[in-house]
Amino acid sequence: MTEAAALPGQPRGGVLSGPATARAVNVLAPNASAMTLDGTNTWIVSEPDSGLAVVIDPGPLDDTHLQNVIATAEKAGQRVALTLLTHGHPDHAEGAARFAELTRTKVRALDPALRLGDEGLDAGDVITTGGLELRVVPTPGHTADSLCFHLPADQAVLTGDTVLGRGTTVVAHPDGRLGDYLDSLRRLRSLSVDDGVHTILPGHGPVLEDAQGVVEFYLAHRANRLAQVETAVENGYAAPAEVVAHVYADVDRSLWPAAELSVRAQLDYLSEHGLI
């Protein structure tokens, strides 16, 4: 999921689990790996004085973690009333059905296959559970069904895997498409410039406190990688695995299979635009 270790954006240090803003609390899932960083961030979001909470990305199918999420909400005097998904990758969504069973909640997602209940999620939707305001922001690219959630009251956005707290994310070809991803990053930049969003609550890694700086870095990183891939092809590196070995030599080899997904997405993008 991540291609590199360094990322600007004023990452918040310290313990990842716990309160992040006035309305968002993170419960870190115990599924740390090279791909998931410290683990999946499961977000509990609510108005400070409300008895109802929304959970975003219950995470893996791990009963201990799911029960911990419920207990964290209950300790704050809240009942989980709704479950939302940023996208369908198992480290975010595999536990959703079990979590819905435990909490007797509906699951809302962009992908109908992930929903439990009649309502999905789409651009422009506003979640108002317990007086909370969460705005649905379509951000395809990492996957076709990727969404972010704008939390205006905290000047924050929950980004799932579209933007990570450390490193950069993979465009998960063939479902993910680079053109879509670049458009999504520009959409997030607009949130930071036009709507005052300064805090990123990511699906993995620490909270970031310079949303615009992070998104600008992501856009520059993608442009740089795309230019490197184009040059590699011009120099005779034809197969995706060859391009990965040449362009991503600075990346841990354990992440090369994920990097190859991004390379395939970049090759498709270059081909579609007549650049190779």
Side-chain angles (χ1 to χ4, degrees), residues 1 11-12 14-31 36-48 50 52-60 62 65-76 78-89 91-96 99-100 102-103 105-110 114 121 125-137 139 142 146-166 169 188 191 197-209 211:
M1 186 175 301
R12 191 180 298 175
V15 178
L16 293 176
S17 279
T21 68
R23 292 165 179 79
V25 175
N26 181 31
V27 182
L28 184 64
N31 61 333
T36 60
L37 303 181
D38 311 274
T40 300
N41 294 334
T42 294
W43 291 100
I44 303 172
V45 189
S46 64
E47 281 298 305
S50 175
L52 301 178
V54 175
V55 166
I56 299 172
D57 290 351
D62 181 318
H65 170 64
L66 301 179
Q67 294 283 5
N68 190 24
V69 174
I70 296 168
T72 301
E74 290 178 344
K75 188 176 180 180
Q78 297 170 338
R79 175 178 64 83
V80 178
L82 180 64
T83 303
L84 306 176
L85 297 177
T86 62
H87 66 297
H89 279 168
D91 56 311
H92 293 257
E94 186 182 37
F99 189 72
L102 292 170
T103 58
T105 60
K106 297 178 179 179
V107 176
R108 295 181 64 180
L110 179 61
L114 299 171
L121 291 171
D125 285 352
V126 180
I127 310 300
T128 57
T129 302
L132 183 72
E133 182 181 341
L134 274 176
R135 301 175 184 172
V136 177
V137 182
T139 51
H142 170 67
S146 287
L147 299 170
C148 292
F149 297 99
H150 179 199
L151 180 56
D154 286 347
Q155 296 179 295
V157 61
L158 297 104
T159 56
D161 282 354
T162 299
V163 174
L164 305 179
R166 186 169 65 251
T169 203
L188 291 176
L191 281 180
V197 167
H198 58 70
T199 301
I200 287 179
L201 307 176
H204 302 275
V207 171
L208 299 172
E209 297 179 334

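All residue numbers refer to positions in the sequence shown, counting from 1.
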message: Side chains of His204 and Asp161: any donor to acceptor distance under 3.5 Å?
response: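 Distance-only check passes for Asp161 and His204.
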_Exercise: do Thr139 and Ser146 side chains pair donor with acceptor under 3.5 Å_ =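 The answer is no; no qualifying pair exists.
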- Query: Does a side-chain N-to-carboxylate-O contact under 4.0 Å join Asp125 and Arg108?
  - Reply: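 Yes, charged N to carboxylate O under 4.0 Å.
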Nearest 0.5 Å, what's the [atom1]-[atom2] distance between [X] and [Y]?
{"X": "Thr129", "Y": "Leu84", "atom1": "OG1", "atom2": "CG", "result": "7.5 Å"}
{"X": "His65", "Y": "Asn31", "atom1": "NE2", "atom2": "CG", "result": "7.5 Å"}
{"X": "Ile200", "Y": "Leu164", "atom1": "CD1", "atom2": "CG", "result": "10.0 Å"}
{"X": "Leu85", "Y": "Leu110", "atom1": "CG", "atom2": "CG", "result": "10.5 Å"}
{"X": "Arg23", "Y": "Trp43", "atom1": "CZ", "atom2": "CH2", "result": "14.5 Å"}

Worksheet item: Just one of Thr83, Thr40, Val27, Ile70 clears the side chain to side chain contact (heavy atoms under 4.5 Å, CB included) bar with Pro58, so which one?
Response: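 Looking at Thr83, Thr40, Val27, Ile70, the match for Pro58 under the side chain to side chain contact (heavy atoms under 4.5 Å, CB included) is Thr83.
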**Report entry** Geometric class of the His92/His87 ring pair [parallel <30°, tilted 30-60°, perpendicular >60°]
**Finding:**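 Plane angle between 30° and 60°, so tilted.
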By side-chain hydrogen bond (donor to acceptor under 3.5 Å, both in side chains) - contacts of Thr21 (at least two apart):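 Thr21 satisfies side-chain hydrogen bond (donor to acceptor under 3.5 Å, both in side chains) with Asp154 once adjacent residues are dropped.
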Practice task
Could you walk me through whether Gln78 and Ser46 pass the side-chain hydrogen bond (donor to acceptor under 3.5 Å, both in side chains) test, one step at a time?
Solution key: CA-CA 9 Å; Gln78 297 170 338; Ser46 64; 2.5 Å; yes
Among Thr36, Asn26, Thr159, side chain to side chain donor-acceptor pair (under 3.5 Å) partner for Asn41: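 Exactly one pass, corresponding to Asn26.
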